[in-house]
Amino acid sequence: MPKPVAPQLFSETLATAEKPALAECSDQELAQALAGRLAIAPNDWHRLKGNRKARAAEQAAIALVYLLKDQPEEAVARLQQATGWLDRSIQAPPCPSHGTKPSEAE
């Protein structure tokens with residue numbers, strides 16, 4: 001029967017195994033990978049559209065991509081969105097396909 005691996009040892013081994021692969025990536029590639037990982041998938045949109053932490057993380061990661069692409073105006077816009085999610089100054093708009101009333105002409 002194999003001996004159980006301590007969680008700390010496992011995480012250290014995993015981190016060591018990933019470092020060479022990460023070292024080969026550019027900063028922009030790493031930022032794009034993070035943005036891709038934090039992006040809210042269409043399947044999860046309704047569930048996460050109002051999740052402030054998820055929305056702020058998504059926007060902050062996108063801001064980093066724009067910053068590394070030397071597009072500071074786009075980076076600032078995304079950082080403002082991230083800040084708005086965190087300070088509750090913005091909220092998710094209603095889904096366009098839900099809650100709309102049919103026009104009276106129909």
Side-chain angles (χ1 to χ4, degrees):
M1 176 180 239
K3 194 175 185 180
V5 177
Q8 183 180 18
L9 179 61
F10 178 75
S11 65
E12 289 172 3
T13 303
L14 184 60
T16 304
E18 291 179 356
K19 283 185 181 179
L22 294 177
E24 295 173 8
C25 294
S26 70
D27 292 347
Q28 187 172 332
E29 290 170 328
L30 290 171
Q32 287 174 324
L34 179 62
R37 179 174 227 159
L38 295 174
I40 297 175
N43 302 6
D44 295 328
W45 178 251
H46 283 95
R47 183 173 58 85
L48 295 174
K49 71 178 183 173
N51 183 316
R52 294 186 176 283
K53 180 181 175 188
R55 298 296 302 269
E58 177 184 48
Q59 292 299 312
I62 294 169
L64 182 58
V65 171
Y66 279 118
L67 183 62
L68 293 172
K69 285 184 168 188
D70 199 26
Q71 296 180 21
E73 298 84 13
E74 290 293 331
V76 167
R78 295 327 188 276
L79 286 172
Q80 289 171 338
Q81 286 281 315
T83 301
W85 281 109
L86 293 173
D87 69 11
R88 300 182 175 275
S89 63
I90 62 172
Q91 61 184 11
C95 182
S97 64
H98 298 307
T100 57
K101 295 179 182 176
S103 68
E104 293 180 342
E106 293 181 283

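For the pair Ala61 and Ala35, the tightest heavy-atom approach, listed with the atom from each and the gap, is CB-CA, 3.7 Å. The two residues Ala82 and Ala60 have their closest heavy-atom pair at CB-N, 4.0 Å.
Summarising the geometry, atom NZ belonging to Lys69 is positioned 14.0 Å from atom CG belonging to Asp27; distances are rounded to the nearest 0.5 Å. Taking CD1 from Ile62 and CD from Gln32, the interatomic distance works out to 11.0 Å, rounded to the nearest 0.5 Å. Interatomic distance, CZ of Arg47 versus CD1 of Ile40, reported as 9.0 Å (0.5 Å rounding).
In this structure, the side chain of Arg55 engages the main chain of Lys49 through a donor-acceptor pair within 3.5 Å. A donor-acceptor pair under 3.5 Å is formed between the side chain of Arg52 and the backbone N or O of Trp85.
More than 12 heavy atoms of other residues, nucleotides or ligands shown are found within 6.0 angstrom of CD on Gln28.
Hydrophobic clustering, with ILVMFWY side chains joined whenever heavy atoms are under 4.5 angstrom apart, keeps Leu34 apart from Leu30.
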